[in-house]
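Below: one structure, written as structure tokens.
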Amino acid sequence: MTTNQNTEKTPNNTFDAIVIGSGISGSWAAKELCEKGLKTLVLERGRDVKHIGDYPTAFSNPWDFPHRLHETQQMRAENPVVSRCYAFDESTEHFFVKDTEQPYIQEKPFDWIRGYQVGGKSLIWARQTQRWSKYEFENPARDKYAIQWPIGYEDIADWYTYIEKFVGISGNKDGLETLPDGDFLPPWEMNVVEREIQQDILKKYPDRQFIIGRCAHLTEPKEIHKAQGRGQCQARNLCYRGCPYGAYFSANASTLPRAEQTGNLTLKADSVVHSILYDDKEKKAVGVKVIDRLTKEVRHYYAKIIFVNAATENTNLILLNSTSKRFPNGLGNDNGLLGKYIAFHNYRGSLTATRPGNQDSYYFGRRPTAIMLPNFRNVQEQDTDFLGGYMTFYTATRKGWNREVEGEQIGAVFKEKISQPGEWSVYMMMQGETIPKQENHIRLSTDKVDDWGMPQLIASVDYDENDEKILHDFFVEGEAMLTAAGCENIQRGDSRQAPGLDIHVMGGVRMGKNPKTSLLNQWNQLHHCPNVFVTDGACMTSTGVQNPSLTYMALTARAANYAVEELKAGRI
Amino acid sequence: MKRRNALKNITVAVGGSLVLPATLFSSCQSDDYQPLFFTKKDLVLLNEMGETILPETSDSPGAKVLKIANFMDVYVADCYKAEQQKIIQEGLIKFQKDCQEKVEKSFLKMTTLEKHEWLVVLDKSARDSETTHYFRLLKSLVLLSYFTAKDGATKALRYLPIPGKFEGNYPFQQGDKAWALG
Ligand SMILES: Cc1cc2nc3c(=O)[nH]c(=O)nc-3n(C[C@H](O)[C@H](O)[C@H](O)COP(=O)(O)OP(=O)(O)OC[C@H]3O[C@@H](n4cnc5c(N)ncnc54)[C@H](O)[C@@H]3O)c2cc1C
């Protein structure tokens, strides 16, 4: 029987470590484990995507696409969920999971945006990278809206540096306590109007210093980046198609090739991890069960340690689906909290405005980042009527041809006018913290399965009063700041977008000191199954206000290095 | 439809760059373009309206030689909602009737000046209209089709696929073109 060959432990299917998922966090786990000498198997459910060779649209012009990058009715009808993601279009659709591919159940509206391929969402992320500050680690417990983090900023600071060096993060050393500086490559520039707005706001609000965004782009590659075969950012801003210059961080351009170089990596694409195998006698996890994406064949793989990096929703799904006599409710789930305390980022609010003047000034190139303001609410103490905080972002650009002009709007003169840039317009948006709550959860369907026999995911996540208050605060403060900066025609926009579309979904397997109230310890090990590590967004105790992936990477590298030590010491 | 499926299948990457045989797009550029939504006669009319809105000027071609109606047709067929398609379809009929009633000849028979003056009037009423006026849709289709076409983007605007750097204080003089890519 082939089944036995595929599931029995043999030298061929046995490794030191297994990593589930090859995206931002999984590729970091793979790199660290491989570099430390562990024979590592990375299991990826999606197809293989080779750096450069599999970026078919990287050099295409807008007119090369049948609809010049505009959405068709058919695309929207077939993909109501993924087509709501701003980065999904004719040039990028091959890196996104289509709605029909893997159905799930929205008990409450939830947009699940997925990228299933080698490299995961590292190919399609927006690459904004800010460190957490001590306030994100400490304030949730101080203000009693989350359990205490088992680690603080000082535990992770060096790991941030370690990641930043390898990834390449551009940024300015701004010396702000609320957004600690890192090991930066040269920063991007603000344009003239962005700079004026920044100065105007600072005059009126001395504690609100907007800074140039920090992002994972090589503004000036160093040896460590050149050794990865990566080059300088060309300011094309076509990043979501995959970067043929390797100028932004993706697993495909950076961590996976590095892991491969060690000779210790085995990467298997098209391998859908179904569950983690727990051995009641050995009292630990011994391997994983995989369904071949194409043939649906079942295979088992074995290893001493397992890293779960399938991205928040799938990591929860895999753990919930990993049942055994010891863990009838999912791996490590003695307290019944697995899948609960899901939180996300509140992106609902935006403001648009115009700003008169500066007609003699323009910009050159397309910068891959925005102007950022660290959180200024409830920082030193709880000083508003809501919990948590938010970051604010803005950009200023000159209007293009799609605008009204003075005088006749037909003919040669009109054409000349709209061929030139128009007045400056300003776009401002928020990125708000949401509160982890027990009722916001993910669970498994008891009767519906997907094509691979996996139970379907049920998402039950919603906004609450606190999110409305944060949204309102952003509108009021954002308007006040734009007004102080001389802006006009300020207009509010509430996208009312469903949770999930932020693509910063976190929690469900949270870290904590107490096994009664958390799933993972301070090293991202399952309290009750310590040879399993969870280091993607699922581990997050609270969401912070920063873009999260840099923190996932730092937590992953930290946990992987700890895992190797523990393994060598024979403790796991 | 077939044309577009074929397109998907031949997207082959060679060393990271997309190689699309030029012949592939010739069907939508040449006169044997088979419309998906409009009639061939409509396309002639739309190209002519396009030329009136965005005529040839000293440094860039007009809408007509770019055959902007072909992409307008693809866009209306594939990207428009049914209610927008209806507005456009009924609008084109009304447009032709209004030409006869208000200018007393068909649009194609008007002089360049007559076309211009008539569309200025129509554009004004479209912008004042509280409901979605067909001409507002048509005009935005003309602009979209023109400025995203190769010649529109590279000649009427400045198209810079690989800037190589970003500068936040780049001098601008009256008359300089806008960048084609935001
Ligand atoms: C448009 C967009 C913009 C974004 N912008 C930013 C930003 O600016 N800054 C930021 O910090 N973050 C951003 N993000 C979020 C960022 O992409 C994620 O936080 C990050 O990719 C998470 O890393 P991960 O390793 O957990 O998941 P992923 O990168 O998604 O990787 C998970 C991998 O696991 C695989 N997998 C899933 N299930 C299984 C299974 N059962 N078996 C085997 N493999 C499996 C998936 O196929 C995938 O390859 C953005 C995301 C998107 C889509």
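Since the model is a prediction, treat every value here as computed from it, not as a measurement. Order of the sequence lines sets the chain letters (A, B, ...), proteins ahead of strands, with each chain counted from 1.
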Between B:Arg127, B:Gln173, B:Arg158, the one whose heavy-atom pairs under 4.5 Å with chain A are most numerous: B:Arg127
Under 4.5 Å from any heavy atom of chain B - which part of A:Glu404: side chain
Ring centers of B:Phe107, B:Phe95 separated by less than 6.0 Å: yes
Heavy-atom pair count under 4.5 Å with chain A, highest-scoring of B:Glu51, B:Lys124, B:Lys150: B:Lys150
Centroid-centroid distance, A:Tyr394 to A:Tyr427, less than 6.0 Å: no
Part of B:Ser145 lying under 4.5 Å from any heavy atom of chain A: both
Engaged part of B:Thr112 at the chain A interface, taking heavy atoms whose separation is under 4.5 Å: neither
Donor + acceptor pair across side chains of B:Thr39, B:Asp42 (<3.5 Å): yes
Engaged part of A:Gln420 at the chain B interface, taking heavy atoms whose separation is under 4.5 Å: both
Proximal component of A:Glu194, with respect to chain B [non-hydrogen, under 4.5 Å]: neither
Selection from A:Trp188, A:Phe364, A:Tyr245, A:Tyr363 maximising heavy-atom pairs under 4.5 Å formed with chain B: A:Phe364
Among A:Gln128, A:Arg214, A:Arg127, A:His217, side chain to side chain donor-acceptor pair (under 3.5 Å) partner for A:Thr369: A:Gln128
Largest heavy-atom contact set with chain B, pairs under 4.5 Å, which of A:Gly422, A:Cys233, A:Ala235: A:Ala235
Closest-packed option against chain B by number of heavy-atom pairs under 4.5 Å, given A:Gly365, A:Pro62, A:Pro368, A:Gly411: A:Gly411
Electrostatic pair B:Lys86:B:Glu90 at N-O distance under 4.0 angstrom: yes
Basic-acidic side-chain contact under 4.0 Å: A:Lys98, A:Glu78: no
Max heavy-atom pair count under 4.5 Å with chain B, selected residue of A:Glu90, A:Gln234, A:Lys399, A:Lys417: A:Gln234
Pi-cation contact, A:Phe414 with B:Lys139 (under 6.0 Å, within 45°): yes
Most contacts with chain A, counted as non-hydrogen pairs under 4.5 angstrom, among B:Thr148, B:Asp176, B:Leu160, B:Asn169: B:Thr148
B:Tyr80, part contacting chain A, at a heavy-atom distance under 4.5 Å: backbone
Parallel, tilted or perpendicular: ring planes of A:Tyr240 versus A:Tyr86, cut at 30 and 60 degrees: perpendicular
Under 4.5 Å from any heavy atom of chain A - which part of B:Leu122: neither
Option that, when pairs with chain B are counted at under 4.5 Å, heavy atom only, ranks first among A:Met75, A:Arg236, A:Lys50: A:Arg236
Salt bridge B:Glu167-B:Lys165, side-chain N to carboxylate O under 4.0 Å: yes
Heavy-atom contact with chain B under 4.5 Å, split by part of A:Arg195: neither
Choice from B:Ile162, B:Leu157, B:Leu119 maximising heavy atom contacts with chain A below 4.5 Å: B:Ile162
Contact winner vs chain A - B:Ala82, B:Pro171, B:Ala149, heavy-atom pairs under 4.5 Å: B:Ala149
Under 4.5 Å from a heavy atom of chain B, the part of A:Trp401 involved: both
Geometric class of the B:Tyr75/B:Phe71 ring pair [parallel <30°, tilted 30-60°, perpendicular >60°]: tilted
A:Phe88 and A:Phe96 aromatic centres sub-6.0 Å: yes
Row check, B:Phe147 ring normal vs A:Arg68 NZ/CZ: under 6.0 Å, within 45°: no
Heavy-atom proximity to chain B below 4.5 Å, by part of A:Thr397: neither
A:Arg366 NZ/CZ over B:Phe166 ring centroid, <6.0 Å and within 45° of normal: no
Part of B:Asp123 lying under 4.5 Å from any heavy atom of chain A: side chain
